[in-house]
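We use all heavy atoms of the structure for the numbers below, so side chains are in, but hydrogens, waters and symmetry mates are not. Numbering starts at 1 and runs along the sequence shown.
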Amino acid sequence: GDAKWYFNYVPVTPGEQYEYVDFYKSTGPHSVVVDFVGSNGVHSYMQLASLPTSTTFKQYVGSFTVPAGVTSLTVFHLLSGNGTLTTDDYSLKAMSGTGPGADSFDRGYVSLTFDDGWMSHYTTVLPKLNQYGIKGSFFIITDEMTNEGAGDTSDPDSYIDVNQVQLLNLNGHEVSAHTRTHPSLISLSSAQADDEIRGSRQALLDVGITPVDTFVYPYGDYNDVVIQKVQNAGFIGARTVEEGYNTTVTDRYRLKVQNVLNTTTLAQMKSWVDTAIAQKKWVVFVFHQVDQN
């Protein structure tokens with residue numbers, strides 16, 4: 001199971017965006033999860049972040065949008081494996097002017113994004129997107145596309161190679177950067193982080209991919225220093241793994257997502273699309289390997 005302290009359930013407004021803050025230190029795996037309670041009493045859950053260990057107190061700040069039908073919630077900052085977790089100074093507040101209709105787009109938007117450059121993106125995803133006339137966004141670990149063994153369509157654990165990356169782009173799909181080797185950027189030296197960020201963009205430009213405008217943080221790990229490096233490298237936006245919806249005032253270097261796992265149901269995905277349509281917000285689906293039917 002897990003171990004956690006959490007506050008009593010508090011009433012909330014569907015469609016409102018909330019900011020959650022706490023402080024933590026931990027020697028084991030831990031994450032932040034919102035527990036929503038609907039008007040029918042049914043619980044649903046949204047993972048905001050998986051966080052690194054820390055021997056000193058660090059602040060976590062995350063935000064999310066309350067789904068339709070939810071009446072109350074609490075937030076779990078939980079220890080999910082061997083180790084210790086200390087938390088303190090919890091805060092939850094509604095972000096002014098983010099309710100239904102506030103800061104909305106002219107309509108709802110949906111993006112389909114695919115991380116890492118797995119072979120299944122070429123063999124499974126590309127034909128389906130082309131069949132239905134849908135454009136996707138593919139974020140490439142650029143050293144993998146040049147590794148020996150890349151491009152092996154018989155191996156689902158293989159990565160696509162340069163020719164296949166170019167074909168994605170030629171088919172009208174967005175191709176952009178996910179670092180050179182997929183490290184946690186917050187664990188690197190300044191020079192190493194620059195090399196991973198700038199190097200991945202340049203590697204795609206060097207093989208004719210254009211534009212290379214957006215970036216994805218490996219493991220969702222970022223901080224203000226990393227964001228500045230992403231901006232300095234020429235990217236106009238970047239995506240996290242934090243769950244929620246985007247509005248016209250969302251920080252473009254902290255774009256939120258809905259993560260699609262092998263346990264995600266079609267009904268869940270439909271509800272995310274319905275919420276985006278109803279509230280005129282932008283939902284970004286994130287896929288990794290797509291190896292089954």
Side-chain angles (χ1 to χ4, degrees), residues 17-32 47-64 75 77 83 85-91 93 95 113 115-117 137 139-144 174-206 211-244 246-247 249-257 259 282 284 286 288:
Q17 192 170 11
Y18 287 78
E19 181 180 76
Y20 170 80
V21 181
D22 72 15
F23 286 81
Y24 71 88
K25 57 182 177 179
S26 176
T27 64
H30 60 119
S31 58
V32 180
Q47 179 165 310
L48 295 183
S50 294
L51 298 172
T53 60
S54 176
T55 57
T56 59
F57 272 108
K58 286 189 175 181
Q59 185 184 48
Y60 169 74
V61 180
S63 60
F64 58 88
V75 181
H77 193 153
L85 171 66
T86 304
T87 57
D88 198 5
D89 206 14
Y90 286 64
S91 169
K93 65 179 181 180
M95 300 173 71
T113 70
D115 284 5
D116 302 338
S137 296
F139 294 92
I140 308 300
I141 304 170
T142 55
D143 278 15
E144 294 292 353
E174 180 187 18
V175 174
S176 212
H178 194 27
T179 70
R180 292 182 53 212
T181 65
H182 204 271
S184 170
L185 291 170
I186 61 177
S187 68
L188 303 181
S189 69
S190 179
Q192 289 171 328
D194 278 332
D195 180 60
E196 288 285 345
I197 296 166
R198 291 180 180 275
S200 61
R201 184 169 190 263
Q202 191 60 51
L204 292 170
L205 292 171
D206 286 346
V212 183
D213 283 343
T214 52
F215 185 80
V216 170
Y217 307 108
Y219 311 107
D221 291 346
Y222 69 94
N223 54 26
D224 290 343
V225 173
V226 169
I227 290 175
Q228 188 61 57
K229 289 180 179 297
V230 169
Q231 292 175 323
N232 293 345
F235 293 102
I236 65 172
R239 204 195 68 216
T240 70
V241 297
E242 295 166 14
E243 295 186 338
N246 301 291
T247 71
V249 297
T250 301
D251 186 331
R252 67 177 63 182
Y253 293 94
R254 293 180 172 89
L255 296 175
K256 300 183 183 305
V257 306
N259 295 295
W282 175 26
V284 178
V286 178
H288 287 84

* **Under the side chain to side chain donor-acceptor pair (under 3.5 Å) test, residues paired with Asn232 that sit two or more places apart** => Gln228
* **Flag side-chain contact, heavy atom, 4.5 Å: Ser184 against Tyr217** => no
* **Non-neighbouring partners of Phe64 that pass ring-ring contact (aromatic ring centres under 6.0 Å, His included), sequence neighbours left out** => Phe36
* Write out all pairs satisfying salt bridge (Lys or Arg N to Asp or Glu O under 4.0 Å) with one or both partners inside residues 22-32, taking only residues at least two apart or from two chains. => none
* Evaluate the side-chain proximity of Tyr24 to Ser54: yes if any heavy-atom separation is below 4.5 Å, no if none is. => yes
* Measuring from Ile197:CD1 to Lys229:NZ, what's the distance to the nearest 0.5 Å? -> 7.0 Å
* Who passes side chain to side chain donor-acceptor pair (under 3.5 Å) against Thr55, sequence neighbours left out? -> none
* Asked: Donor-acceptor pair, Thr27 side chain versus Gly83 backbone, under 3.5 Å?
  -> no
* For Arg201, what residues pass the side chain to side chain donor-acceptor pair (under 3.5 Å) criterion, not counting sequence neighbours? -> none
* Parallel, tilted or perpendicular for Phe215 and Phe235, by the 30°/60° rule? -> tilted
* Asked: Is a side-chain donor or acceptor of Ser176 paired with a backbone partner of Thr214 at a separation under 3.5 angstrom?
  -> yes
* Residues that Asn259 engages under side chain to side chain donor-acceptor pair (under 3.5 Å), provided they are two or more places apart -> Glu243
* Under the ring-ring contact (aromatic ring centres under 6.0 Å, His included) test, residues paired with Tyr219 that sit two or more places apart -> His182
* To do: Kindly write out the residues that satisfy ring-ring contact (aromatic ring centres under 6.0 Å, His included) with Phe23, not counting sequence neighbours, or none if the list is empty.
  => none
* Asked: Does some side-chain heavy atom of Leu255 sit less than 4.5 Å from a side-chain heavy atom of Thr240?
  -> no
* Is His77 reaching over with its side chain to a backbone N or O of His30, donor-acceptor style, under 3.5 angstrom? -> no
* By salt bridge (charged side-chain N to carboxylate O under 4.0 Å, His left out), which residues pair with Asp89, not counting sequence neighbours? -> none
* To do: Applying salt bridge (charged side-chain N to carboxylate O under 4.0 Å, His left out), name anything that partners Asp115, two or more places apart in sequence or on another chain.
  => Arg239
* Asked: Can you check whether Ser189's main-chain N or O pairs, donor with acceptor, with Gln192's side chain at less than 3.5 Å?
  -> yes
* Asked: Mind checking what makes salt bridge (charged side-chain N to carboxylate O under 4.0 Å, His left out) contact with Arg180, not counting sequence neighbours?
  -> Asp143, Asp195
* Structure fact -> CD1 of Ile186 to OH of Tyr222, rounded to nearest 0.5 Å, is 10.5 Å
* Asked: Sequence neighbours excluded, which residues qualify as salt bridge (charged side-chain N to carboxylate O under 4.0 Å, His left out) partners of Glu174?
  -> none
* To do: Verify, without hydrogens or angle tests, whether Glu196 (side chain) and Thr181 (backbone) share a donor-acceptor contact under 3.5 angstrom.
  => yes
